[in-house]
Amino acid sequence: MSRKPELKGRAARLARLFPTTGGRGQAARTPFVLLVVLLLGGGLIGLLVLNSAVSEGSFKLDDLQKETKSLTDQEQALQRDIDAYSAPDALQRRARELGMVPGGDPAFLDPDGTVKGVPGAAAEQSSAQVVLPPEAIVPLTVTSAPPSPSATPAPTPTLTPTPTPSTAPSSSTPTPGR
């Protein structure tokens with residue numbers, strides 16, 4: 001019988017070390033389960049927000065790539081236009097349309113003021129080759145001068161330009177660039 005009190009003491013010690021699944025154990029587990037559920041829910045919401053942000057960035061990137069392609073095409077078209085206008089034959093044709101002629105021999109000035117080379121005059125261009133655009137043509141009108149006290153009573157015509165341009169060329173139109 002001496003062993004029975006010893007077993008009761010041992011069982012009491014074990015009961016204190018391993019509590020039974022009573023109301024107290026259930027209460028300790030509830031906050032842990034709630035914490036795990038909150039962490040999982042927060043993680044899922046975070047992933048959803050991250051996925052939305054990545055999708056929005058993808059759409060913006062796609063729009064910017066389309067805009068870049070459009071602007072690159074526009075830049076290339078403008079560069080082709082510049083190259084066409086800058087071509088030597090196009091420059092020569094436009095210069096002739098404006099009445100320009102090739103220049104003569106150039107002369108150069110040194111920093112001390114001396115002239116190097118002998119300048120040459122520009123070649124004369126025949127009037128049949130001169131083609132002026134309509135906006136470069138300024139019609140001239142003939143007005144008579146007031147009578148002078150001299151012995152000749154004939155009016156002297158003077159040429160004065162009028163401010164309104166006309167599309168009809170006149171025979172007294174000056175050649176630009178001379």
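On a predicted model such as this, the values are computed, not experimentally measured, just so you know.
Leu48 forms part of no hydrophobic cluster, judged by ILVMFWY side-chain heavy-atom separations under 4.5 Å.
Shown here for Ala90 and Ala84, the closest heavy-atom pair between the two residues is CB-O, 3.3 Å. Scanning all heavy atoms of the two residues, the minimum distance from Ser86 to Leu91 falls at O-CD1, 3.6 Å. Heavy-atom minimum distance, Ala107 versus Pro119: CB-CD, 3.7 Å.
Residues Gln92 and Arg96 form a side-chain contact, since some pair of their non-hydrogen atoms from C-beta on lies under 4.5 Å apart. Using a 4.5 Å heavy-atom threshold, the side chains of Val118 and Asp105 count as separate. Side-chain contact between Asp62 and Lys66: present, with at least one pair of heavy atoms (C-beta onward) separated by less than 4.5 Å.
The backbone N or O of Asp112 sits nowhere less than 3.5 Å from a side-chain atom of Asp110 that would complete a donor-acceptor pair. Using a distance-only test at 3.5 Å, with no hydrogens or angles considered, a donor-acceptor pair links the side chain of Ser55 to the main chain of Asn51.
The CG atom of Leu71 sits 10.5 Å away from the CG atom of Leu78 when rounded to the nearest 0.5 Å. Expressed to the nearest 0.5 Å, how far CD of Glu75 lies from CZ of Arg80 amounts to 11.0 Å. In this structure, CD1 in Ile45 is found 13.5 Å from CG in Leu50, a value given to the nearest 0.5 Å.
The cluster map of Ile, Leu, Val, Met, Phe, Trp and Tyr, joined by side-chain heavy atoms under 4.5 Å apart, puts Leu40 and Phe32 in the same cluster.
Remark: Arg93 does not engage Asp89 in a salt bridge, criterion side-chain N to carboxylate O under 4.0 Å.
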